[in-house]
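Because only heavy atoms are used, hydrogens play no part in the values below, and waters and symmetry mates are left out as well, while side chains stay in. Every value quoted in this text rests on a predicted model; they were computed, and no experiment measured them.
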Amino acid sequence: MTEIFENAQKKQKEFSEKINSSKEILAQRPLFHFATPGGWCNDPNGFSEFNGKVHLFYQYHPYSTQWGPMHWGHVTSQDMLTWNLEPVALAPDSNADLNGCFSGTAISTEDGKQILAYTGVSKDGDVEIQNQCIAFGEGKIYKKYSKNPVITAKNIPFAYNKEHFRDPKIWKKDGKFYMVCVIKQLDNCGAMVIFESKNAKKWTFKGILNSSRNDFSGMWECPDILNLDGRDFLIFSPQEMKADYNAGFHEGNNSVYATGILDYKKFKFFPDIRAENRCFAAQIDYGIDFYAPQTTKLSDGRTILIAWMQSWESYITPENYLWSGMMTIPRELSFKNNRLYQNPIRELETLKTDEQNSEIQPGKKEKILNQQERLFELEFSVSQQTSGTIKIILGNTEDEYVLVKIDLFEQSIYFDRSKSQTPGKIFARKAKLPPKEENTKFRIIGDTCSLEIFIDDGKMVFTNAFFLSQIKTDLLIRNETSQKINCKTWKLQKEKI
């Protein structure tokens, strides 16, 4: 074990001891969303089921709440609500990754091992070079392959920007391993390249699976390949996008999905035109804080997605916090009526208690939660004939709160954290609601520092993070519509660990 690895492990242990000895620090933390014990985390990595547990790795810098040389943190869970801290999985301590162990994925092998595929960052003079590496383990300790990197520029038969070749997605089909990575082409647009291998150690380039088109974006990140309900999916996070409200895209970093056919003979992905926006790809989550989603298929048949619940464009971690960055609640995916549906994992139902029913008349406001921790589920529906706005306010005073506004006239949803403790550079976002159905349903999941809103049974999701200085706050609903609103509210409870 290298000194770099040992130091990261010591730092992680130090953070855990501080959390366990401080009620104040514990109260700051989310209840059922994963957050690193201390330091920085971003992209989920290696999200997988292995040896009867769900494993989640993540980009981790243990020495500050800012991005730094990347390690892989590691946690496991039986229910995806309570996460158990494991030893740090990877540290930048070999020649192939001295400048960082960047994002990647994991796969189980037939001999009972787990392969981690990751991007190793090194330097060629003053220029950073990104190549693909692997490590092997049995669930706790992972050993890097002695001949890393396993894929370099020598494997790619054309020129590209060598500083941007990363984020391997590894899977197996018909007895062969496949790996998709993202590259920045010489025109600065993103593309996915695909490789094939018999043993996950020696790889052959097979082609460009897909690439940016019609000025869609710049670099792509964090690719994922899956088949869901009979359709092939390509998930990725394009950067440098231009805002297009009607298409559902915002300025900068987005996370999107495309459906279509992955042709293993031509090594091409042939996308459909998405029903949501008439583009080849559509947004996965319309809020501020959602990036780098990754999926896994569980042994019970469910396909689960998790993502980083933070934004590169808007850092909002308070200065006194030990930790920065958390994950969304894992979501069950389905594909029906030509749309992606996302819903919180069914395990969340085990946390619900104290059901309350509230009837809010037109023009009235009602306090749903009074000075309580922000751990709740709120559900209500509005009919197609309803017009006006619904405002959901979480906070204590006019000076500190966050706001969700649903405008039923213009069919939009809006989030505003400008009055929060640390609003950041981007503190508001508005998105179009799905086309009106007979009833529009809203399901709002509140944790200590986040709101995830699932609309029309998961047809649309709107995720935003925030920080308020007081742990206990009020939840107020203001009904500015022409119809009464019937709300159901539950508290969400379990011990914080």
Side-chain angles (χ1 to χ4, degrees), residues 33 42-44 47 103 105 167 169 182 190 192 210 212 216-217 220-229 231-239 241 243-260 269 271-297 302-313 326-345 413 415 429-434 443 445 450-465:
H33 292 78
N42 56 286
D43 306 355
F47 187 42
S103 293
T105 50
D167 304 346
K169 164 69 179 186
V182 285
M192 290 185 199
N210 207 280
S212 189
F216 181 75
S217 67
W220 290 1
E221 291 195 311
C222 304
D224 201 351
I225 302 285
L226 65 147
N227 186 280
L228 182 64
D229 297 330
R231 204 69 181 152
D232 290 329
F233 272 66
L234 189 155
I235 289 175
F236 58 102
S237 295
Q239 299 180 319
M241 289 195 71
D244 186 334
Y245 178 75
N246 289 322
F249 303 131
H250 54 258
E251 190 81 19
N253 297 295
N254 291 243
S255 292
V256 303
Y257 80 100
T259 58
F269 185 87
D272 305 322
I273 297 299
R274 289 298 327 127
E276 298 93 318
N277 58 9
R278 308 307 300 167
C279 297
F280 88 100
Q283 194 72 266
I284 298 175
D285 190 298
Y286 294 78
I288 299 172
D289 298 292
F290 183 94
Y291 195 69
Q294 194 167 108
T295 68
T296 190
K297 188 163 186 175
R302 288 182 291 170
T303 298
I304 308 295
L305 176 146
I306 196 168
W308 182 42
M309 191 162 49
Q310 191 167 302
S311 163
W312 285 117
E313 289 93 342
M326 53 190 168
M327 302 298 173
T328 64
I329 189 168
R331 302 172 183 178
E332 299 183 17
L333 302 185
S334 60
F335 187 62
K336 53 189 178 182
N337 302 321
N338 199 27
R339 293 285 294 252
L340 176 66
Y341 284 75
Q342 307 168 69
N343 282 290
I345 50 171
I413 185 167
F415 173 79
R429 178 147 295 157
K430 184 169 78 169
K432 285 176 64 175
L433 290 171
R443 182 182 180 188
I445 309 295
S450 65
L451 291 174
E452 289 172 273
I453 304 176
F454 298 82
I455 301 162
D456 282 346
D457 298 316
K459 184 186 289 186
M460 175 183 178
V461 191
F462 191 61
T463 296
N464 299 284

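- By the ring pair (Phe, Tyr, Trp, His ring centres under 6.0 Å) test, F249 is found to be paired with F216, residues two or more places apart in sequence or in another chain being considered.
- Under 3.5 Å, the side chains of Q239 and E221 contain a donor-acceptor pair of N or O atoms.
- Pairing each heavy atom of I304 with each of E332, the nearest pair is CD1-CG, 3.7 Å.
- What you find for V256 and P238 is that their closest heavy atoms are CG2-CD, 3.9 Å.
- In this structure the side chain of M326 never reaches within 4.5 angstrom of the side chain of Q310, judged on heavy atoms.
- Contact detail for P271 and N210: the closest heavy-atom pair is CD-ND2, 4.1 Å.
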Side chains of residues 456-465: which donor-acceptor pairs under 3.5 Å do they make with residues two or more places apart or in other chains?
residue, atom, partner, partner atom, Å
D456, OD1, K441, N, 3.0
D457, OD2, K441, NZ, 3.3
K459, NZ, E437, OE2, 2.5
T463, OG1, D285, OD2, 2.6
T463, OG1, R331, NH2, 2.7
N464, OD1, I288, N, 2.9

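- Interatomic distance, CG of L305 versus CD1 of I345, reported as 12.0 Å (0.5 Å rounding).
- M309 places none of its side-chain heavy atoms less than 4.5 Å from the side chain of M327.
- Not a single donor-acceptor pair under 3.5 Å links the side chain of N337 to the backbone N or O of R339.
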### Task
Kindly indicate, with the supporting measurements, whether the criterion side chain to side chain contact (heavy atoms under 4.5 Å, CB included) is fulfilled by H250 and D244.
CA-CA 6 Å; H250 54 258; D244 186 334; over 6 Å; no
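- Counting only heavy atoms from C-beta outward, the side chains of E452 and P344 never approach each other to under 4.5 Å.
- With sequence neighbours left out, R231 forms a side-chain hydrogen bond (donor to acceptor under 3.5 Å, both in side chains) with D272.
- With F236 as the partner, the ring-ring contact (aromatic ring centres under 6.0 Å, His included) test is satisfied by one option alone out of F269, Y291, W220: W220.
- I306 contributes atom CD1, which lies 10.5 Å from atom OG1 of T296 (distance to the nearest 0.5 angstrom).
- The side-chain hydrogen bond (donor to acceptor under 3.5 Å, both in side chains) test applied to T303 returns no partner, not counting sequence neighbours.
- Residues S255 and C222 fail the side-chain proximity criterion, which asks for heavy atoms closer than 4.5 Å.
- Put simply, the side chain of S311 gets close to the backbone of E313: a donor and an acceptor are under 3.5 Å apart.
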#### Entry: Trace of the side chain to side chain contact (heavy atoms under 4.5 Å, CB included) decision for K297 with R302
CA-CA 6 Å; K297 188 163 186 175; R302 288 182 291 170; over 6 Å; no
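- The structure places OH of Y341 at 12.0 Å from CG of D229, a figure rounded to the nearest 0.5 Å.
- With contacts defined as side-chain heavy-atom distances shorter than 4.5 Å, the pair I445/L451 does not qualify.
- Interatomic distance, N254 CG to S237 OG, rounded to the nearest 0.5 Å: 8.5 Å.
- Taking all atoms of both residues into account, the shortest heavy-atom contact from A307 to P44 is CA-CG, 4.0 Å.
- I455 is listed as a side-chain neighbour of P434, based on a closest heavy-atom distance under 4.5 Å.
- In this structure N338 satisfies the side chain to side chain contact (heavy atoms under 4.5 Å, CB included) test together with R274, A275, F335, sequence neighbours excluded.
- Side chain of S103 to main chain of D43: no donor-acceptor pair is present (N/O by atom type, distance under 3.5 Å, no hydrogens or angles).
- Interatomic distance, CG of D167 versus CG of D224, reported as 11.0 Å (0.5 Å rounding).
- Annotation for K169 and P223: closest pair CB-O, 3.5 Å, computed over non-hydrogen atoms.
- The closest side-chain heavy-atom distance from L340 to F233 is below 4.5 Å.
- A 4.5 Å side-chain heavy-atom check between Y245 and K432 finds at least one atom pair inside the cut-off.
- Checked against side-chain hydrogen bond (donor to acceptor under 3.5 Å, both in side chains), N343 has no partners two or more places apart in sequence or in another chain.
- The line from OH of Y286 to CD1 of I413 is 12.0 Å long, rounded to the nearest 0.5 Å.
- Of all the heavy atoms in I235 and T295, the pair that sits closest is CD1-CG2, 4.1 Å.
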